[in-house]
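Everything below concerns the one structure shown next.
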Amino acid sequence: MLQLQVLRQNPDWVKERLTVKQFKDTDVVDTILSLDDQRKKLQLEFDTTQAKVNSASKEIGQLMGKGQKEEAETKKQEVTALKNSLQPITDKLAEVEKRLQDTLVILPNLPSEKVPVGKTPADNIVVREGGKKPNLPAGSVPHWDLIKKYDIIDFETGAKITGSGFPLYKGKGARLQRGLIQYFLDFNTAAGYTEYLPPFMVNEASAYGTGQLPDKEGQMYYMPEDKFYMIPTSEVPITNIYRDEILKEADLPIKMTAYSPCFRREAGSFGKDVRGLNRVHQFEKVEIVQIVHPDKSYEVLEEMVNHVEKLLNTLELPYRILKLCGGDMGFASALTYDFEVYSGAQERWLEVSSVSNFETYQTNRMKIRFKDEKGKPQLVHSLNGSSMALPRVVAALLENNQTSDRIQLPTVLEKYIGSTLIS
RNA sequence: GGAGACUUGUCCGAGUGGUUGAAGGAGCACGCCUGGAAAGUGUGUAUACGGGAAACCGUAUCGAGGGUUCGAAUCCCUCAGUCUCCGCCA
């Protein structure tokens, strides 16, 4: 959620930034400011009247103490009259506050000045590329054929057990999942991230805190009996660890990493994009999250991008890093870099990681603050990134390392999966 | 799942309807004391919103939300969480 203060100080700049994010209805900014004015007026009216009620009530207490019952009775009637006049103000104030909140929440985060202007993925900017594309032999096939050939991932049985998009990993396929998770976690903890294993379901307040609610409700699996949401990423529980807390400046930066399965309904997805491991309802992911001093967040964003890049390099996959344009960025992000790996047999780029700086957008919702030198509470910045999402990494690993009768995985994985040969 | 106890500030802890935003203690910060430190001692030490140039003032907040009352941390209701006992169970 944007800070009201920012809208007040520079409404025109806010509108201009919203436009970069392809947010058309910039009049909302004016609506919010006018609601805020109303709120202030009502608040003042409420406060002054309530102050009278409070002091009169105290007097009643004192009169009662002295045994002056009649005077107390007169006062009581005065207070009752005041309270009656207060009622409409209270109602109006509550209504204005709710409208203000509801309106503020529909505004996406403002893109940083570094964000390229553009509408679609075609407008994203390739920051750099690495690795080299494989030269696959004739007869090479996409991963959805490879997994059948070597019997390592079974979509049909997954669909039988649960539904489509819930893969069943088997043998080397299962071992590869376990090994990659462990490898990624080790890589992250070696870089100073503290490992967590969070709950896989969250309550409403947590889903709201990271920005999944209210607008992305349909993307999450929901358990109505308990009012819990299955997490779409461990970013949700992990970032919420510090919800409603005021940190010491010395505590920053906080670096966390976590593995979790991720559950996504992916309503509305269809076509060739969703084939095989390209898009599934449940997948494994290792996430990195940082909570940092506001002055440091862009430095940290680069650090996180470099970290993921290093990891990707060890897997010997061809990749590219994109700086997302305003139109392709997520709702809560101020600047996002996407990582894509090249999947040789499909001959296309697959997103395997997304690293974002949310600045104060999430922390304002969660009220995560720190005390600065003056002892004043100030919002921290939050960042996160995948390091990494497994399915597409696996798709690329399988496709790019195939020969006619085997798949030879990179040796870095030997320690984690035993034999790197699938045949 | 059943029965009961509980949830107060950074922490511990008092407080069962009336100047209680909240005693007392610990911690922390600053000062005094000291050659330096400890001990001692003094002062300060929540957050949000609003008003104000500021000092400061007002309002709200004692798990969350609602209610009773002129007045609620204190009474009532709902929900969440913690603990104990019983049941069930990996």
Side-chain angles (χ1 to χ4, degrees), chain A residues 1-9 32-105 197-209 213 222-229 237 240-252 254 360 362-380:
Chain A
M1 181 165 70
L2 294 177
Q3 293 173 265
L4 204 43
Q5 201 187 345
V6 175
L7 305 213
R8 277 192 209 140
Q9 280 164 0
I32 289 170
L33 291 176
S34 116
L35 283 168
D36 187 39
D37 283 342
Q38 288 180 50
R39 193 197 101 250
K40 278 192 203 171
K41 284 197 193 102
L42 289 164
Q43 182 78 55
L44 188 61
E45 212 176 332
F46 174 87
D47 283 355
T48 48
T49 313
Q50 184 62 247
K52 285 183 203 160
V53 170
N54 287 347
S55 68
S57 292
K58 258 177 201 170
E59 284 175 43
I60 292 171
Q62 286 163 347
L63 291 170
M64 299 285 271
K66 287 186 230 156
Q68 293 171 293
K69 289 221 167 122
E70 275 167 44
E71 289 86 339
E73 276 310 314
T74 319
K75 271 280 170 204
K76 273 194 198 180
Q77 281 171 21
E78 266 176 48
V79 175
T80 308
L82 271 176
K83 283 190 69 182
N84 286 339
S85 74
L86 201 55
Q87 193 56 49
I89 302 170
T90 314
D91 293 346
K92 184 81 184 153
L93 182 62
E95 186 207 316
V96 168
E97 272 177 345
K98 182 170 188 321
R99 274 174 59 202
L100 179 61
Q101 182 66 19
D102 290 352
T103 316
L104 199 52
V105 132
L197 184 66
F200 298 155
M201 295 184 214
V202 294
N203 58 29
E204 211 169 294
S206 294
Y208 175 83
L213 293 181
Y222 181 58
M223 328 291 278
E225 265 196 299
D226 302 286
K227 299 201 176 90
F228 293 154
Y229 293 86
N240 271 283
I241 291 172
Y242 291 99
R243 170 154 47 88
D244 292 323
E245 296 210 9
I246 299 177
L247 301 157
K248 296 195 198 83
E249 191 166 352
D251 295 335
L252 304 175
I254 293 170
T360 58
Q362 293 183 327
T363 55
N364 189 33
R365 287 185 168 211
M366 283 185 275
K367 299 286 171 276
I368 308 181
R369 292 161 291 174
F370 76 101
K371 285 203 172 170
D372 62 22
E373 324 77 65
K374 289 182 199 146
K376 281 198 69 175
Q378 220 188 105
L379 292 170
V380 292

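Everything numeric here is computed off the predicted structure, so don't read it as measured data. Residue numbers start from 1 in every chain, and the chains themselves are labelled A, B, ... in the order their sequence lines are given, proteins ahead of strands.
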Q: Please state how far atom CG in Asp372(A) lies from atom P in U47(B), giving the value in whole angstrom units.
A: 11 Å
Q. OG1/Thr90(A) to CD/Gln50(A) distance, rounded to the nearest 0.5 angstrom?
A. 8.0 Å
(Q) Given G58(B), G51(B), C70(B), identify the nucleotide with an atom nearest to the side chain of Leu44(A). (A) G51(B)
Q: Using heavy atoms to find the nearest nucleotide of RNA chain B for Gln62(A) and Ser55(A) separately, return the residue whose nucleotide is more 5′.
A: Gln62(A)
Q | Sidechain N-carboxylate O distance under 4.0 Å for Arg99(A), Glu95(A) | A | yes
Q. Roughly how many Å is it from CD in Glu245(A) to P in U10(B), rounded to a whole number?
A. 11 Å
**Q.** Separation of atom NZ in Lys371(A) from atom P in A29(B), rounded to whole Å
**A.** 13 Å
Q | Rounded interatomic separation in angstrom, taking CG from Leu35(A) and C1' from G50(B) | A | 17 Å
Q. Are OP1 or OP2 of C49(B) and a side-chain N or O of Arg39(A) less than 4.0 angstrom apart?
A. no
Q: Determine the Euclidean distance between corresponding C1' atoms of G63(B) and C83(B); express it in Å to zero decimal places.
A: 15 Å
Q. Touch check for Asn54(A), heavy atoms < 4.0 angstrom, all strands: base, sugar-phosphate only, or nothing?
A. sugar-phosphate
Q) Under 4.0 Å between a Lys/Arg side-chain N and an Asp/Glu carboxylate O for Glu78(A) and Lys75(A)? A) yes
Q | 5'-most by nearest nucleotide on RNA chain B - Pro377(A) or Gln77(A) | A | Pro377(A)
Q.
At 4.0 Å (heavy atoms only), tell me whether Lys75(A) reaches a base, stays on the sugar-phosphate, or touches nothing.
A. nothing
(Q) So, does Lys41(A) get its side chain near the phosphate of G50(B), meaning an N or O under 4.0 Å from OP1 or OP2? (A) no
Q. If you check every side-chain atom of Gln50(A), which of U59(B), G51(B), C70(B) has the closest atom?
A. U59(B)
Q: Describe the nucleic acid contact of Ala56(A) in one word from base, sugar-phosphate, nothing, applying a heavy-atom distance below 4.0 Å.
A: nothing
Q: State whether Lys52(A) places a side-chain N or O below 4.0 Å from either non-bridging phosphate oxygen (OP1 or OP2) of U59(B).
A: no
Q) Is any side-chain N or O of Arg369(A) closer than 4.0 Å to OP1 or OP2 of A48(B)? A) yes
Q | Of the listed nucleotides G18(B), U19(B), U47(B), the one nearest the side chain of Ile60(A) | A | G18(B)
Q. When all nucleic acid strands are considered with a 4.0 Å heavy-atom cut-off, which category describes Ile246(A): base, sugar-phosphate, or nothing?
A. sugar-phosphate
Q. Would you say the side chains of Ser57(A) and Asn54(A) form a donor-acceptor pair under 3.5 Å?
A. no
Q) Of the nucleotides U19(B), G50(B), C70(B), which has the atom closest to the Lys40(A) side chain? A) G50(B)
Q.
Taking Watson-Crick (N1-N3 plus N6-O4 or O6-N4) and G-U wobble (N1-O2, O6-N3), each under 3.5 Å, can you produce the dot-bracket string of RNA chain B? Use [ ] for crossing pairs and | for inter-strand ones.
A. ((((((((.[[[..)..(.....]]]((((((.......))))))((((((....)))))).[[[[[..)....]]]]])))))))....
